[in-house]
Undergrad: 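Take this structure, written in structure tokens, and hold onto it; I'll ask about it next.
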Amino acid sequence: MTIASNAPQHQADIRHDWTKAEVKALFALPFNDLLFKAQTVHRQYFDPNEVQVSTLLSIKTGACPEDCKYCPQSARYDTGLEKERLLEIEKVIQRAKEAKATGSTRFCMGAAWRNPRDRDMPYVTQMVSEVKKLGLETCMTLGMLTREQAVALKQAGLDYYNHNLDTSPEFYGDIITTRTYDDRLNTLQNVRDAGMNVCSGGIVGMGESAEDRASLLMQLANLPEQPQSVPINMLVKVEGTPLDKVDDLEPFEFIRTIAVARIMMPASHVRLSAGRENMNEQMQALCFMAGANSIFYGCKLLTTSNPDTHEDVLLFRKLGINAERTREFSDEAHEQALQEEIAAQSAPADLFYDATAPRKTAPAEA
């Protein structure tokens with residue numbers, strides 16, 4: 001487990017009864033007032049200069065039967081993405097070791113499935129068990145889960161399960177038709193019932209309205225238990241998907257979304273997730289000021305691009321930000337690993353990408 005420098009002390013402040021009017025009022029605050037409020041809340045629950053760092057690896061890429069309009073992994077869209085079979089356990093463990101060596105405390109594994117099949121479960125549970133032995137927190141995103149599958153993953157040692165709501169209930173049908181909003185909520189309930197932490201957030205910039213962004217955050221905050229991790233993704237447009245020509249979201253509107261998420265879910269890690277590749281340092285700094293305190297290290301998020309690890313290290317230094325560390329990972333080893341990673345300029349020349357090594361050229365988004 002990671003060490004929290006300032007454990008939550010105001011659990012009574014966590015609400016599950018937010019109204020749409022209240023959320024819209026937060027979004028309407030003057031920008032400076034909103035950031036001040038978000039930073040004040042953030043400091044009550046977290047060390048403001050500490051960010052949780054994860055690494056995300058695609059363990060099975062492409063050929064997904066779902067029709068999510070933002071996703072290049074859907075079999076319905078021609079995005080030029082090469083399909084990959086379920087990654088061998090040995091390769092997953094190697095990537096996890098590399099992730100830990102560069103300072104990640106959580107290793108996330110994602111498969112492009114509607115839901116895992118029974119024959120896949122022994123492989124993914126073994127992956128969880130082996131990664132757990134490395135002293136890393138574990139997270140998976142495999143699509144919808146039954147209650148029995150959630151229990152099996154928990155027994156294998158899975159700490160977090162990611163299953164995003166994606167957008168508001170009102171806008172959801174414009175983005176996805178192959179699974180319902182209730183399907184997503186049911187999976188989150190199965191995860192909670194199994195005793196795992198929930199990682200659930202959404203994507204903004206898909207053409208939704210400001211009211212939709214408010215509604216998404218209201219859905220997340222009003223869950224029976226607020227997600228322990230809330231990824232806020234900026235849409236990364238991929239040619240060949242139905243959303244490849246959608247208008248960009250105004251950057252300040254994205255920062256507002258981060259701030260409102262922090263205020264509404266004060267004890268959750270709010271993750272600055274997909275889309276960071278297109279954010280300059282100043283925008284990311286404002287997101288951290290607004291309460292974001294989690295990121296992904298590595299040049300790739302499943303199939304989308306992400307800033308190089310060394311760029312994040314340098315930004316952290318400029319801002320005086322420290323990465324949360326696992327108990328057995330010393331400061332000295334952390335610093336040495338980061339220095340070695342910065343110096344490394346070549347990636348492994350095998351079929352599977354290294355989620356922690358700097359890339360030489362910017363890959364297409366996923």
Undergrad: In this structure, would Phe46 and Ile14 fall into the same cluster of hydrophobic residues linked by side-chain contacts under 4.5 Å?
TA: yes
Undergrad: Between CG of Leu235 and CG of Asn278, what distance do you get to the nearest 0.5 Å?
TA: 10.0 Å
Undergrad: Check whether Val128 and Ile93 end up in the same hydrophobic cluster, where Ile, Leu, Val, Met, Phe, Trp and Tyr are linked by side-chain heavy atoms less than 4.5 Å apart.
TA: yes
Undergrad: Just to verify, what does Phe36 make a ring pair (Phe, Tyr, Trp, His ring centres under 6.0 Å) with, not counting sequence neighbours?
TA: none
Undergrad: Tell me the closest heavy-atom pair linking Ala150 and Met196, and the distance in Å.
TA: O-CE, 3.3 Å
Undergrad: Less than 4.5 Å apart, any side-chain heavy atom of Phe171 and any of Leu216?
TA: no
Undergrad: If you compare all heavy atoms of Pro48 against all heavy atoms of Arg43, which two are closest, and at what distance to 0.1 Å?
TA: CG-NH1, 3.4 Å
Undergrad: Output the distance between atom CG (Leu223) and atom OG (Ser200), rounded to the nearest 0.5 Å.
TA: 6.5 Å
Undergrad: Is atom CG of Asp247 surrounded by more than 12 heavy atoms (other residues, nucleotides or ligands) closer than 6.0 Å?
TA: no
Undergrad: Ser294: which residues meet the side-chain contact (heavy atoms from CB on, under 4.5 Å) condition with it, sequence neighbours left out?
TA: Gln52, His269, Arg271
Undergrad: My understanding is that only residues two or more places apart in sequence, or in another chain, count here; which of them pass ring pair (Phe, Tyr, Trp, His ring centres under 6.0 Å) with Tyr172?
TA: Tyr181
Undergrad: Do Ser268 side-chain atoms and Ser229 backbone N/O form a donor-acceptor pair below 3.5 Å?
TA: no
Undergrad: For Glu225, give me all partners under side-chain contact (heavy atoms from CB on, under 4.5 Å), at least two apart in sequence or on another chain.
TA: Arg192, Gln228
Undergrad: Give a yes-or-no answer on whether the side chains of Asp244 and Thr241 include a donor-acceptor pair shorter than 3.5 Å.
TA: no
Undergrad: May I have all residue pairs that pass salt bridge (charged side-chain N to carboxylate O under 4.0 Å, His left out) and include part of residues 146-156, sequence neighbours excluded?
TA: Arg147-Asp193
Undergrad: Between Asp212 and Ser215, do the side chains contain an N or O donor and an N or O acceptor separated by less than 3.5 Å?
TA: no
Undergrad: Under the side chain to side chain donor-acceptor pair (under 3.5 Å) rule, collect the residues that match up with Asn164, sequence neighbours excluded.
TA: Asn162
Undergrad: Under the side chain to side chain donor-acceptor pair (under 3.5 Å) test, which residues partner Thr138, sequence neighbours left out?
TA: Asp159
Undergrad: Nearest heavy-atom pair of Leu142 and Ala111: which atoms, and what distance?
TA: CD2-CB, 3.8 Å
Undergrad: For Leu145 and Leu153, what are the C-alpha separation, side-chain angles and deciding distance, and is it a side chain to side chain contact (heavy atoms under 4.5 Å, CB included)?
TA: CA-CA 10 Å; Leu145 289 184; Leu153 289 169; 3.8 Å; yes
Undergrad: Is a donor on one side and an acceptor on the other found under 3.5 Å between the side chain of Gln39 and the backbone of Met289?
TA: yes
Undergrad: Using side chain to side chain contact (heavy atoms under 4.5 Å, CB included), reason through Thr55 and Phe296 one step at a time and then give a plain yes or no.
TA: CA-CA 5 Å; Thr55 293; Phe296 280 118; 5.7 Å; no
Undergrad: Please list, chain by chain and in numerical order, all residues satisfying salt bridge (charged side-chain N to carboxylate O under 4.0 Å, His left out) with Lys245, sequence neighbours excluded.
TA: none
Undergrad: Nearest 0.5 Å, what's the NE2-CE distance between His163 and Met140?
TA: 15.5 Å
Undergrad: Just to verify, which of Asp33, Val260, Leu217 counts as forming a side-chain contact (heavy atoms from CB on, under 4.5 Å) with Leu26?
TA: Val260
Undergrad: Nearest 0.5 Å, what's the OG-CD1 distance between Ser54 and Ile295?
TA: 9.0 Å
Undergrad: Identify the heavy atoms of Val131 and Ala96 that sit nearest to each other, and give their distance.
TA: CG2-CB, 4.1 Å
Undergrad: Rounded to the nearest 0.5 Å, what separates atom CD1 in Ile89 from atom CD in Gln94?
TA: 14.5 Å
Undergrad: Who are the side-chain contact (heavy atoms from CB on, under 4.5 Å) partners of Ala38, not counting sequence neighbours?
TA: Ala259, Arg262, Ile263
Undergrad: Measure the CD-NZ distance between Gln219 and Lys20 for me, rounded to the nearest 0.5 Å.
TA: 8.5 Å
Undergrad: For Lys133, what residues pass the side chain to side chain donor-acceptor pair (under 3.5 Å) criterion, not counting sequence neighbours?
TA: Glu130
Undergrad: Is a salt bridge present between Arg213 and Glu253, judged by a nitrogen-to-oxygen distance below 4.0 Å?
TA: yes
Undergrad: Could you walk me through whether Leu315 and Gln284 pass the side chain to side chain contact (heavy atoms under 4.5 Å, CB included) test, one step at a time?
TA: CA-CA 9 Å; Leu315 178 58; Gln284 292 185 65; 3.8 Å; yes
Undergrad: For Glu22, check side chain to side chain donor-acceptor pair (under 3.5 Å) against everything at least two apart and list the hits.
TA: Arg15, Thr19
Undergrad: Using the test salt bridge (charged side-chain N to carboxylate O under 4.0 Å, His left out), find all partners of Arg119 that sit at least two apart in sequence or belong to another chain.
TA: none
Undergrad: What is the minimum heavy-atom distance between Val204 and Phe254, and which atoms define it?
TA: CG2-CD1, 3.5 Å
Undergrad: Please lay out, stage by stage, how Val270 and Met265 fare under the test side chain to side chain contact (heavy atoms under 4.5 Å, CB included).
TA: CA-CA 8 Å; Val270 175; Met265 293 171 278; 5.6 Å; no
Undergrad: Test of understanding: clusters of I, L, V, M, F, W, Y form through side-chain heavy atoms closer than 4.5 Å, transitively. Do Ile321 and Met283 belong to the same one?
TA: yes
Undergrad: Quick check with a 6.0 Å cut-off and a 45 degree axis cone: is Arg106 positioned over the face of Tyr160's six-membered ring?
TA: yes
Undergrad: Considering all heavy atoms of both residues, which atom of Thr187 and which atom of Gly143 are nearest to each other, and what is their separation?
TA: CG2-O, 4.2 Å
